[in-house]
Protein chains: 2
Amino acid sequence: MSLKHGLLGLLNAGAMTGYELDRSFKRSLSFVWKAQTSQIYRELTAMEAKGWLESQRVVQEEKPNKRLYSITDAGREELNRWLSVPKPDIEKAFDVRNGFLMRVLLAGETTNEEALAMLVAFREKCLQDLSSYGAIYQSIQSSNKTEETAKREKYWMLSAKFGEGQYRAALEWVEEAIDLLRSEENEISRN
Amino acid sequence: MSLKHGLLGLLNAGAMTGYELDRSFKRSLSFVWKAQTSQIYRELTAMEAKGWLESQRVVQEEKPNKRLYSITDAGREELNRWLSVPKPDIEKAFDVRNGFLMRVLLAGETTNEEALAMLVAFREKCLQDLSSYGAIYQSIQSSNKTEETAKREKYWMLSAKFGEGQYRAALEWVEEAIDLLRSEENEISRN
DNA sequence: TTAATCATGTAACACGTTACATGATTGC
DNA sequence: GCAATCATGTAACGTGTTACATGATTAA
């Protein structure tokens, strides 16, 4: 149930609307968890029903009305409970489900050209995503520095760096893989 | 729908039972896709209903009876169709959902000791999983070498190496993170 | 004698994805 | 004039998880 607990964690730092939570997930939590907008709204409804959250409607004139969610005492208890489960989701940290890799694995059933094209596209994706880490680090650090926020930022930065490391490893892998396939192509054309 | 297509890919290399497919996923496909046993049986039933597979019951005396699945022409067509979708799951390659990292991110809400304990457990997990890669590579290469199997093995090895690279990057990350937290602890105790 | 392996599933529930709907405002 | 942003959701469907059930054989 990490999505619910992620939302609890964000709301523990201050009240937010569903829209703002969605943007946090998309902008600066994407290396940890990806969620659809519709899912966030559904989870918020479910969490309010459980008593973990309260919401109040904020009427606006220039913009659509919004609903501001805040964490309740029961929500804080649940967050602390989840954070202190002795053996957390370490087993699930590498609980992979990678559709791209599945295609690499099965690329033996197609042509080498198709496989190469796929790897080249993947390299582009890695480069693009890696280039956004500067902005991610900045967005983590930009808040005002109290003792509490400094502690939060430290762990936030750590988990962002995990994501960056995974991308760097992926990039190294794909460059070696492209070299391998290209060198094989040359061998074939020399024969 | 990568699980269905992964199963198609394996069955394209030869008929198998649900049990054997489950073991393939658990033993040598775990770096690409993790699936529950019950899910594999459910998918096989659904795939047979779609006409992608056929099964025949094999009666055994010493062991329980089993059901042997083979791919149909319709199944091979579907596999080829999926493999040649121009823009595959590259967007989903880093479609992260990592409960462990979520806890790292939110560790600012707990004590540093709890965070450290979690990281130490994660390091153990990385070391353990990394130590199994030798066996994975062997299990990929151990089949008899025809041209067809050699091509399959090449891509299989590539995707396994991706997994190993991710683990190595994770290990480097966790060691740096542990050092960081320990050095902070020392700073505090010197004051 | 306890656990693991072989072999197959069902049922209920939780979670994730896709498509759709609404409608004003602001920037190119 | 068109796309993006703000802001909220519903409905249907697809996929993943957990718990349970059965029962023989073999190795530590």
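Nothing here was measured: the structure is a model prediction, and the numbers come from that model. Residue numbers start from 1 in every chain, and the chains themselves are labelled A, B, ... in the order their sequence lines are given, proteins ahead of strands.
The residue among Arg27(B) and Ala35(A) whose nearest nucleotide of DNA chain C lies closer to the 5′ end is Arg27(B).
Atom pair His5(B):NE2 and dT15(D):C1' shows a separation of 14 Å (rounding to whole Å applied).
With sequence neighbours excluded, the residues forming a side-chain contact (heavy atoms from CB on, under 4.5 Å) with Thr111(A) are Glu113(A), Glu114(A), listed by chain and number.
Taking a 4.5 Å side-chain heavy-atom cut-off between Ile, Leu, Val, Met, Phe, Trp and Tyr, the cluster of Leu68(A) extends to Val58(A).
The distance from atom CG of Asn12(B) to atom CD1 of Ile71(B), rounded to the nearest 0.5 Å, is 4.5 Å.
Atom CD of Glu148(A) sits in a sparse spot, with 12 or fewer heavy atoms from other residues, nucleotides or ligands closer than 6.0 Å. When the shell of 6.0 Å around NZ of Lys161(A) is examined, it contains 12 or fewer heavy atoms from other residues, nucleotides or ligands.
In terms of modelled atom types and a separation under 3.5 Å, the side chain of Glu175(A) and the main chain of Glu172(A) share no donor-acceptor contact. The backbone N or O of Ala93(B) lies less than 3.5 Å from a partner atom in the side chain of Asn98(A), making a donor-acceptor pair.
At a threshold of 4.0 Å, the pair Glu147(A)-Lys151(A) does not count as salt-bridged, since none of the basic side-chain nitrogens sits closer than that to a carboxylate oxygen. For the pair Lys4(B) and Glu78(B), the salt-bridge criterion is not met [side-chain N within less than 4.0 Å of a carboxylate O]. A salt bridge is absent between Asp179(A) and Arg182(A); no separation between the charged side-chain nitrogens and carboxylate oxygens falls under 4.0 Å.
Residue Lys4(A) places at least one side-chain N or O closer than 4.0 Å to OP1 or OP2 of dC15(C). For the pair Arg97(B) and dT17(C), the criterion of a side-chain N or O lying under 4.0 Å from OP1 or OP2 is met. Put simply, Lys34(B) has no side-chain N or O that comes within less than 4.0 Å of OP1 or OP2 on dT17(D).
Contacts between residues 36-52 of chain A and DNA chain C, defined by a heavy-atom separation under 4.0 Å, are made by Gln36(A), Ser38(A), Gln39(A), Arg42(A). Of the residues in residues 14-24 of chain A, those lying under 4.0 Å from DNA chain D by heavy-atom distance are Thr17(A), Gly18(A), Tyr19(A), Arg23(A).
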What protein N or O atoms touch nucleotides 20-23 of chain D N or O atoms at under 3.5 angstrom, if any, and at what distances?
none

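When the nucleotides dG9(D), dT17(D), dT15(D) are ranked by their closest atom to the side chain of Arg67(A), dG9(D) comes out on top.
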Side-chain donor-acceptor contacts of residues 164-171 of chain A below 3.5 Å, not counting sequence neighbours, with atom names and distances?
| from | atom 1 | to | atom 2 | distance (Å) |
| --- | --- | --- | --- | --- |
| Glu164(A) | OE1 | Tyr137(A) | OH | 2.5 |
| Glu164(A) | OE2 | Arg168(A) | NE | 3.4 |
| Glu164(A) | OE2 | Arg168(A) | NH2 | 2.7 |
| Tyr167(A) | OH | Asp129(A) | OD2 | 2.6 |

